[in-house]
2 protein chains.
Amino acid sequence: MKIGELAKRTGMAASAIRFYEARGLLKVASRQANGYRDYPEDAVAILAIISDAQQAGFTLDEIKQLLPADVSSWQHDELIGILRRKVADIEVLQTRLAQNKAHIQHLIQLIESKPEDMDCQLNASRVMATLGLHLEP
Amino acid sequence: MKIGELAKRTGMAASAIRFYEARGLLKVASRQANGYRDYPEDAVAILAIISDAQQAGFTLDEIKQLLPADVSSWQHDELIGILRRKVADIEVLQTRLAQNKAHIQHLIQLIESKPEDMDCQLNASRVMATLGLHLEP
DNA sequence: GATAAAATTAAAGCTAACTTGAAGGTCAAG
DNA sequence: CTTGACCTTCAAGTTAGCTTTAATTTTATC
């Protein structure tokens, strides 16, 4: 499969695929007689993994660790370690997001419960005060 | 207060504070006779808001919308709109994070439940297959 | 055989959010 | 009056993750 087809099948830009190769995420593709890269079917799955891992919040460098050139060389413990750490990271993010969401909702409440006769200036100050008081831990 | 003190009190670098001013997030600071920036106490609170908003996932441009130079000019409806959109964004993120977490945990399960006599190669393939089958929507 | 579509490379460009560096003014201490 | 900490500006550098451009070759199509 040439890079164009691989690009279409993965939804990635050919430039991105070459970029991944340059970064060492993809093992260097074999070449056809004309010099064009020639990919095996597997490449689609590997790029899918890269794309998924990225959506899961892994950086390209982390993904590189996760995907040694030789798939059979995956290190059980190392892999598990990386995955566990990522779960921990996600949990931290979840907590932060929940706090931020609660916070913003609190702000919305505050702003909406503004007495109709309160002027903008005062309301703004009230909001400011709240931000100052509650946003920081 | 000079920029150095403000930096210390907010935990930000002076360069970052100047950067925010250049980006229009902070109103241009008044100057002392010698040309040094001179900040009022309020600046600490404003920088705290910027920092918090950032942690909440707002970009500097969004924060700029949230923080008009003149606090009293906050537009009720506009502000509410921005906040609601941010809550929606956070909810999308929460869903994705939950999915990613579940996914990674599933992988950990798969890898850990590997029969002791299965060789690495096979296990790797199994993991690969799982990734291919389940990571994409 | 002429085009157009697709491939190659290396290098430069882009966005975000800053930091760093250069070159220099200001100020308190000794 | 010199040293060093702190301030100024402006320009350029940094990291991530790609994209764009340019110059060139190959392949497919009319």
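Letters A, B, ... are given to chains in the order of the sequence lines, protein chains preceding strands, and every chain is numbered from 1.
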Check whether any side-chain heavy atom of [X] lies under 4.5 Å from a side-chain heavy atom of [Y], and answer yes or no.
{"X": "A:Ile63", "Y": "A:Ile49", "result": "no"}
{"X": "A:Glu112", "Y": "B:Ile80", "result": "yes"}
{"X": "A:Pro40", "Y": "A:Met1", "result": "no"}

Contacts under 3.5 Å, N or O only, protein and nucleotides 19-21 of chain C:
residue : atom : partner : partner atom : Å
C:dT19  : OP2  : B:Ser15 : OG           : 2.7
C:dT19  : OP2  : B:Ala16 : N            : 3.3

Interatomic distance where [atom1] belongs to [X] and [atom2] belongs to [N] [whole Å]:
{"X": "A:Lys2", "N": "D:dT26", "atom1": "NZ", "atom2": "P", "answer": "13 Å"}
{"X": "A:Glu5", "N": "C:dA5", "atom1": "CD", "atom2": "C1'", "answer": "15 Å"}
{"X": "A:Arg23", "N": "D:dC18", "atom1": "CZ", "atom2": "C1'", "answer": "9 Å"}
{"X": "A:Glu62", "N": "D:dT15", "atom1": "CD", "atom2": "P", "answer": "17 Å"}
{"X": "A:Gln32", "N": "C:dA6", "atom1": "CD", "atom2": "P", "answer": "15 Å"}
{"X": "B:Leu6", "N": "D:dT8", "atom1": "CG", "atom2": "P", "answer": "11 Å"}
{"X": "A:Arg18", "N": "D:dT21", "atom1": "CZ", "atom2": "C1'", "answer": "13 Å"}
{"X": "B:Lys8", "N": "D:dA5", "atom1": "NZ", "atom2": "P", "answer": "12 Å"}

Counting only side-chain nitrogens and oxygens, does [X] get under 4.0 Å of the OP1 or OP2 atom of [N]?
{"X": "B:Asn34", "N": "C:dC27", "value": "yes"}
{"X": "A:Arg37", "N": "C:dA7", "value": "no"}
{"X": "A:Tyr20", "N": "D:dC18", "value": "yes"}
{"X": "A:Gln54", "N": "D:dC18", "value": "yes"}

### Candidates D:dT9, C:dT8, C:dG25 - which lies nearest the side chain of A:Arg31
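Output: C:dT8.
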### Query
Under the criterion side-chain contact (heavy atoms from CB on, under 4.5 Å), which of B:Leu6, B:Leu47, B:Val44 is the partner of B:Tyr39?
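For B:Tyr39, the side-chain contact (heavy atoms from CB on, under 4.5 Å) check succeeds only for B:Leu6.
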### Query
Of the non-hydrogen atoms in B:Ala7 and B:Ala14, which two are nearest, and what is the gap between them?
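Scanning both residues completely, I find the closest heavy atoms to be CB-N, 3.9 Å.
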### Query
Which atom names give the shortest non-hydrogen contact between B:Ala29 and B:Glu21, and what distance separates them?
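Minimum heavy-atom contact is N-OE1, 3.5 Å.
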### Query
Taking atom NZ of B:Lys64 and atom OH of B:Tyr20, what is their separation to the nearest 0.5 Å?
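One finds 14.0 Å between NZ of B:Lys64 and OH of B:Tyr20.
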### Along DNA chain D (nearest heavy atom to each residue), the more 5'-positioned of A:Leu60 and A:Tyr36
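Nearer the 5' end of the strand: A:Leu60.
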